[in-house]
Amino acid sequence: PDEKKTKARLKWLEQISVRDNVSYASLVAFDLNAKIVSSVDLAGVLPALIGRGCDEERVISDALRVGFSPCFLSDQQEVAKNYCDLFVSAVGTVSDDVDLCVDIICLNQHYKVGDVDLCFYVHDELRKRGVLSNLVFYQELGVLNTWKLISRLDAYFSVRLHGAITAYLCEVPFFLFEYHEKCSEFLDFVQKPSFERGSDALDSLQDFLVVFRSVLFDEESCGLPPRMFCKLSEKNFTESPLCL
């Protein structure tokens, strides 16, 4: 029934651009009259507009600056909290040997399905462990300043997909919690190294610590260069009839 409703809504469109292979295959199977374009996420056009990163604004400090963005998962609330606990435990363990400062970046402040409560929870738990942390809200910063903030991080751990996409585009080491196939699709596409991803790493703190340290200290990058991702993102516009 949902597919039928979706097809009905899409029939009037001339061109549809999608960001992953699963969506592309689904649309082709719908047998629509529209031109189907296989592209990537729209966020890929941002470097052309505001720059790839803000290295010149990085704060020189002995402390490593780590970002974290939780995500309210309406049908997996316990999983969402477990992700937070895992991150807090990893930070607490590593901070015994390395000076860390955590920016908790709230990317969704919706009063029902937003991440505010989870952000305050992580902030309180880190404070109990004596770890310095800052609460930052996207709604107050806006797109540009949130982009700049993420680009200045030494590492970023995100449950929100677009947090990870931003880190990737700014060439900041990142880990994306794969709670949904859209997360896995993105990591597959950018060729994220297998040892810095995967649900297996979330089975225990010891397993996650291996990944956490790898993201924090290693120089490994994704197989697909961000500039190629950005070029593909332009297809969202250049393939449109409006581009003519």
Side-chain angles (χ1 to χ4, degrees), residues 6-7 9-58 67 69 71 105 107-108 138-139 141-153 155-156 158-178 180-194 196-197 215 219-244:
T6 301
K7 288 181 184 179
R9 292 192 184 104
L10 297 177
K11 278 185 177 179
W12 62 275
L13 296 174
E14 294 180 45
Q15 181 250 341
I16 307 171
S17 183
V18 291
R19 67 181 180 187
D20 58 66
N21 295 329
V22 171
S23 300
Y24 181 78
S26 296
L27 280 180
V28 170
F30 282 179
D31 194 26
L32 302 168
N33 292 325
K35 175 184 178 182
I36 311 300
V37 178
S38 179
S39 183
V40 294
D41 197 276
L42 281 170
V45 302
L46 278 173
L49 300 175
I50 60 179
R52 190 172 302 280
C54 305
D55 289 339
E56 71 279 8
E57 298 182 27
R58 285 183 185 271
S69 290
C71 179
I105 306 171
L107 295 177
N108 187 332
Y138 158 80
Q139 194 167 309
L141 291 179
V143 173
L144 177 58
N145 287 322
T146 302
W147 177 277
K148 288 181 178 180
L149 172 64
I150 293 174
S151 75
R152 293 194 295 263
L153 296 172
Y156 188 29
S158 182
V159 189
R160 288 274 172 194
L161 173 61
H162 282 87
I165 292 176
T166 301
Y168 162 73
L169 292 172
C170 292
E171 300 186 58
V172 171
F174 72 93
F175 177 86
L176 175 60
F177 292 81
E178 296 176 62
H180 189 277
E181 66 177 317
K182 65 184 179 182
C183 302
S184 301
E185 274 287 311
F186 167 68
L187 295 177
D188 287 344
F189 190 82
V190 301
Q191 301 168 37
K192 179 72 169 171
S194 59
E196 287 188 353
R197 60 173 291 193
V215 173
E219 295 295 326
E220 187 67 41
S221 59
C222 295
L224 183 74
R227 66 179 182 278
M228 294 181 64
F229 189 94
C230 295
K231 194 66 179 175
L232 288 169
S233 186
E234 293 176 8
K235 291 173 64 179
N236 287 297
F237 303 95
T238 58
E239 295 289 330
S240 167
L242 296 176
C243 193
L244 299 176

What do you reckon, is NZ of Lys7 surrounded by more than 12 foreign heavy atoms closer than 6.0 Å?
yes
Using side-chain heavy atoms (C-beta onward) and a distance below 4.5 Å, is Pro226 in contact with Glu171?
yes
CD of Glu14: more than 12 outside heavy atoms within 6.0 angstrom?
no
After noting the C-alpha distance and the side-chain angles of Cys222 and Tyr168, does the key distance pass the side-chain contact (heavy atoms from CB on, under 4.5 Å) rule?
CA-CA 8 Å; Cys222 295; Tyr168 162 73; 4.0 Å; yes
Does a side-chain heavy-atom distance below 4.5 Å link Trp147 with Pro47?
yes
For residues 21-40, which residue pairs pass the salt bridge (charged side-chain N to carboxylate O under 4.0 Å, His left out) check, not counting sequence neighbours?
Lys35-Glu239
Can you list the residues that meet the side-chain hydrogen bond (donor to acceptor under 3.5 Å, both in side chains) rule with Ser23, with sequence neighbours excluded?
Asp20
Using modelled atom types only, decide if a donor and an acceptor are shared between the side chain of Ser69 and the backbone of Ile105 within a distance under 3.5 Å.
yes
Taken in chain and number order and not counting sequence neighbours, the residues that satisfy side-chain hydrogen bond (donor to acceptor under 3.5 Å, both in side chains) with Ser39 are Asn236
Please report the C-alpha distance between Leu176 and Val159 in whole Å, then the side-chain angles of each, then the deciding distance to 0.1 Å, and finally whether the side-chain contact (heavy atoms from CB on, under 4.5 Å) criterion is met.
CA-CA 6 Å; Leu176 175 60; Val159 189; 6.0 Å; no
Does Gln139 have more than 12 heavy atoms from other residues, nucleotides or ligands lying within 6.0 Å of its CD?
no
Among residues two or more places apart or on two chains, list those pairs meeting salt bridge (charged side-chain N to carboxylate O under 4.0 Å, His left out) that have a residue in residues 36-49.
Arg19-Asp41
Say whether, by atom type as modelled, one donor and one acceptor occur between the side chain of Ser233 and the main chain of Phe229 under 3.5 angstrom.
no
Leu169 side chain near Cys230 side chain, heavy-atom distance below 4.5 Å
yes
Within 45 degrees of the ring normal and closer than 6.0 Å to the centroid, is that where the cationic atom of Lys192 sits relative to Phe174?
yes
Kindly compute the distance separating CZ (Phe177) from SG (Cys71), expressed to the nearest 0.5 Å.
11.5 Å
For Arg160, which residues count as a side-chain hydrogen bond (donor to acceptor under 3.5 Å, both in side chains) partner, sequence neighbours excluded?
Asp115
Please say whether more than 12 non-hydrogen atoms of neighbouring residues, nucleotides or ligands are located less than 6.0 Å from NZ in Lys235.
yes
Does some side-chain heavy atom of Val22 sit less than 4.5 Å from a side-chain heavy atom of Glu181?
yes
May I ask you to test the His162-Leu107 pair for a side-chain heavy-atom distance under 4.5 Å?
no
I'd like to check the ring pair (Phe, Tyr, Trp, His ring centres under 6.0 Å) partners of Tyr156; sequence neighbours left out, ordered by chain and number.
none
Value for OG (Ser158) from CD1 (Ile150), rounded to nearest 0.5 Å, stands at 7.5 Å
Nearest heavy atoms of Gln15 and Pro241, plus distance in Å:
CB-CD, 3.8 Å
Gap between atom CD1 of Ile16 and atom OG of Ser38 - 0.5 Å precision:
13.0 Å
Report the distance from atom CG of Leu232 to atom CG of Leu224, rounding to the nearest 0.5 Å.
7.0 Å
After noting the C-alpha distance and the side-chain angles of Val18 and Val37, does the key distance pass the side-chain contact (heavy atoms from CB on, under 4.5 Å) rule?
CA-CA 6 Å; Val18 291; Val37 178; over 6 Å; no
Salt-bridged, Lys182 to Glu185, with N to O below 4.0 Å?
no
Do you know the tightest heavy-atom contact between Val172 and Ser151?
CG2-O, 3.7 Å
To check you understand the geometry: which heavy-atom pair defines the closest contact between Ser184 and Glu178, and what is its length?
OG-OE1, 2.7 Å
Tyr138/Asn145 under side-chain contact (heavy atoms from CB on, under 4.5 Å): CA gap, chis, key distance, verdict
CA-CA 8 Å; Tyr138 158 80; Asn145 287 322; over 6 Å; no
